[in-house]
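Below is one structure, written out as structure tokens, with a few remarks after it.
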Amino acid sequence: MAELVIYNTLTRTEEPFIPREPGKVAMYACGLTPQAPAHVGHMRGVVVMDIVQRWFEQLGYTVNFVQNFTDIDDKIIRRANEEGISTTEVAEKYSKMYVEDAEALGVRLPRFVKVTENMDAIIEVVQRLVKDGYAYVVDGDVYFEVNKFPEYGKLSGRSVEEMQAGARIEVDERKRNPEDFALWKAAKPNEPAWDSPWGKGRPGWHIECSALSLKYLGAAFDIHAGGMDLIFPHHENEIAQSEAYLHCQQPFARYWLHWGPVRLRQEKMSKSTGVVVPIRELRQQYEPAVIRYFLLTVHYRTPLEFSYERLDEAKSALERIRTAYQRGQAFLREHRGTSADPVVAEPYVQQFRASMNHDFNTAQALATVFETVHEINTRLNTPEIAALPKTPAETAGLLDALQWMMETVLGVPLHQPATAHSETLEQLMQHVIAWRQELRSRKLYDLADRIRDDLKAMGILLEDSPQGTTWRIA
RNA sequence: GGCGCCGUACCCAAGUGGCCAAGGGGAGGGUCUGCAAAACCCUUAUUCGUGGGUUCGAUUCCCACCGGCGCCUCCA
């Protein structure tokens, strides 16, 4: 289990993964503020974490994966006012959409935790920070005092002096230092508020992730993940307040994993700029498996440029994999009862494992997938090899390996979603194919070709081969 | 201005101090086939932004420059 290497933002190096507790992985990812439909950038994080979870499971770990919903904050309040519904309704509406989108992409859901259901835990952390002198109260607000935490800046690699030099933000006069950040905000009139020792109010953005992750995972948990744009200030602040809370006796989290941004037309996809492709819309245009495949074609830390050309490429590439898998299955149906021989597949599996163990390198792992595909195609394509007695067993082994790589690890289905009328449609197609075959045997090729062209226009592809005609939906 | 990342073929994209610099998409040629599709074979980087340095040897390490991006403000 020790062969996994993870890039840790905290040390800026690749480190062997050593769990806090043998056989177990505790991980936390910063979720989103549910106030708008999720876009492709959000889904990248979701898919990356799903892959991470799946790979840990393949390595034999039991994974405890927690993700938060920031279900109360300024933007949710604004949204609630715009839509004329309550903040709870806003949060529920968009959380639900997010979960649906994630599930559509084949993601196994983490344990979701909400800020509004964990106020006690949050207040408890703030209280202790005030008591221990790391935080101070001003007019019902509570601020964390950055100067009290000497290691501030260790994640993002900047010093407090540098930040002051480059500060562009307006300084709140009530703060002792410009970098101090809010742990608790006093309620303004007509805002949702919770009781606290400092009066009615609600938590600051950073404190919730600290409180929730510590509550559900405990100190020094294994992996804290998020988008790269969260490194500063969000994660930097989380470390400061959490380690202060832990009296600097233990680290907050041990490995910091950050995925790269998704860009659109050379700009980061972001709600605030409006440069977004909502995943909802994209799902209308592309099968979720294609979207997921597209997200895996690049290493998770590399920025990913979104484009429809890339998605079309992903579609073609995935089709190549699926075609090989389906051909292989058809071949095996002619050789019922063969048990899989894993020997031929073994080198591919090993290579795939090595890629995944090297910081979850899915882009590299996909190269191995294609080598496996090539191996399968060659066997089926070469009559002398296909006729060998051992070929069915070896092919079965290769198909098992392919399925394991694609479906079990990468979570990309090898079958397209079944159509609603598949039973009827299948019967109909068999008739169409038979009639067309009749035309072909009478050499009425223009009629046969017209049928094929018409079906193609409908999105149904006919493929003739010496073994007969097959059909599939494009 | 500060911190950090990146620049590999027509496009996307892995990667390593020295074995032919993965893989995908696209394009061209060939095999099979009535044709098409799929698949297979061949071709598409004597070279990894530019210029120096370290080294027996660098695309890979160091420095400078050019170009692109992220963060420094809410952000996945």
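Each chain gets a letter, A, B and so on, in the order the sequences are listed, and its residues count up from 1.
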How close or far is atom [atom2] of [N] from atom [atom1] of [X], stated in whole angstroms?
{"X": "A:Phe232", "N": "B:C3", "atom1": "CZ", "atom2": "P", "value": "14 Å"}
{"X": "A:Asp229", "N": "B:C74", "atom1": "CG", "atom2": "P", "value": "12 Å"}
{"X": "A:Glu384", "N": "B:U31", "atom1": "CD", "atom2": "P", "value": "18 Å"}
{"X": "A:Asn237", "N": "B:C72", "atom1": "CG", "atom2": "C1'", "value": "12 Å"}
{"X": "A:His258", "N": "B:G4", "atom1": "NE2", "atom2": "P", "value": "16 Å"}
{"X": "A:Lys268", "N": "B:C5", "atom1": "NZ", "atom2": "C1'", "value": "14 Å"}
{"X": "A:Gln351", "N": "B:A22", "atom1": "CD", "atom2": "P", "value": "12 Å"}
{"X": "A:Met228", "N": "B:C72", "atom1": "CE", "atom2": "P", "value": "14 Å"}

Between the side chains of [Y] and [X], is the shortest nitrogen-to-carboxylate-oxygen separation below 4.0 Å, so that they form an ion pair?
{"X": "A:Lys148", "Y": "A:Glu179", "result": "no"}
{"X": "A:Glu236", "Y": "A:Lys154", "result": "no"}
{"X": "A:Asp222", "Y": "A:Arg254", "result": "yes"}

>> Does anything in residues 92-103 of chain A come within less than 4.0 Å of RNA chain B? Heavy atoms only, and list the residues if so.
In response: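 By residue number: none to list.
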Would you measure the distance from the [atom1] atom in [N] across to the matching atom in [M] and give it in whole Å?
{"N": "B:C56", "M": "B:A9", "atom1": "C1'", "result": "30 Å"}
{"N": "B:U8", "M": "B:G51", "atom1": "P", "result": "16 Å"}
{"N": "B:G68", "M": "B:C12", "atom1": "P", "result": "16 Å"}
{"N": "B:U31", "M": "B:G49", "atom1": "P", "result": "39 Å"}
{"N": "B:C20", "M": "B:U44", "atom1": "C1'", "result": "16 Å"}
{"N": "B:U46", "M": "B:C3", "atom1": "C1'", "result": "39 Å"}
{"N": "B:U43", "M": "B:G24", "atom1": "P", "result": "14 Å"}
{"N": "B:G15", "M": "B:G23", "atom1": "P", "result": "15 Å"}

Look at all strands and tell whether [X] reaches a base, only sugar-phosphate, or nothing, counting heavy atoms closer than 4.0 Å.
{"X": "A:Gly227", "answer": "sugar-phosphate"}
{"X": "A:Val262", "answer": "base"}
{"X": "A:Gly41", "answer": "base"}
{"X": "A:Met269", "answer": "base"}
{"X": "A:Ile231", "answer": "nothing"}
{"X": "A:Glu309", "answer": "nothing"}

> The side chain of A:Ser316 lies closest to which of these nucleotides: B:A76, B:C71, B:G26?
Replying inline: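 When the side chain of A:Ser316 is considered, B:G26 is the closest of B:A76, B:C71, B:G26.
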> Among B:G25, B:C71, B:A76, which is the nearest nucleotide to the side chain of A:Ala317?
Replying inline: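 Output: B:G25.
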> Excluding sequence neighbours, so at least two apart, what forms ring-ring contact (aromatic ring centres under 6.0 Å, His included) with A:Tyr300?
Replying inline: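 Expected list: none.
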Does [N] have a Watson-Crick or wobble partner in any strand here, with both distances under 3.5 angstrom, and which is it?
{"N": "B:A14", "result": "none"}
{"N": "B:A58", "result": "none"}
{"N": "B:A64", "result": "B:U50"}
{"N": "B:A76", "result": "none"}
{"N": "B:U44", "result": "B:G26"}
{"N": "B:U33", "result": "none"}
{"N": "B:C20", "result": "none"}
{"N": "B:C69", "result": "B:G4"}

With [X] via salt bridge (charged side-chain N to carboxylate O under 4.0 Å, His left out) - residues at least two apart:
{"X": "A:Arg379", "result": "A:Glu375, A:Glu394"}
{"X": "A:Asp74", "result": "A:Lys185, A:Arg202"}
{"X": "A:Glu92", "result": "none"}
{"X": "A:Glu319", "result": "A:Arg472"}

> Nucleotide by nucleotide, 5' to 3', does protein get under 4.0 Å of the base (B), only the sugar-phosphate (S), or neither (-) in nucleotides 33-39 of chain B, counting heavy atoms?
Replying inline: -BBBBSB
> Which letters describe nucleotides 8-16 of chain B, given B = protein heavy atom under 4.0 Å from base, S = only from sugar-phosphate, - = neither?
Replying inline: ---BSSSSS
> So which pairs with a foot in residues 433-469 of chain A pass ring pair (Phe, Tyr, Trp, His ring centres under 6.0 Å), sequence neighbours left out?
Replying inline: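 Qualifying pairs: A:His431-A:Trp435.
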> Got a sec, which residues hit side chain to side chain donor-acceptor pair (under 3.5 Å) with A:Arg333, two or more places apart in sequence or on another chain?
Replying inline: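 A:Arg333 satisfies side chain to side chain donor-acceptor pair (under 3.5 Å) with no other residue.
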>> Tell me which pairs pass salt bridge (Lys or Arg N to Asp or Glu O under 4.0 Å) where either residue lies in residues 26-47 of chain A, with sequence neighbours left out.
In response: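 The answer is none; no pair qualifies.
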>> For A:Arg292, run the side-chain contact (heavy atoms from CB on, under 4.5 Å) check against A:Asp50, A:Val46, A:Leu410 and tell me which one passes.
In response: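 Filter result, single survivor: A:Asp50.
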> More 5' along RNA chain B: A:Thr382 or A:Ala367, using each one's nearest nucleotide?
Replying inline: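 Here A:Ala367 is the residue nearer the 5' end.
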> Hey, what's the ring geometry for A:His235 with A:His258, parallel, tilted or perpendicular (30° and 60° as the breaks)?
Replying inline: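 Rings of A:His235 and A:His258: tilted, as their planes differ by 30° to 60°.
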> side-chain contact (heavy atoms from CB on, under 4.5 Å) with A:Ala193: which residues, sequence neighbours excluded?
Replying inline: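 Applying side-chain contact (heavy atoms from CB on, under 4.5 Å) to A:Ala193 gives A:Ala187, A:Lys200.
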> Has A:Arg310 got its NZ or CZ under 6.0 Å from the middle of the six-membered ring of A:Phe294, at an angle within 45 degrees of the ring axis?
Replying inline: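 Negative - A:Arg310 is either too far from the ring of A:Phe294 or too far off its axis.
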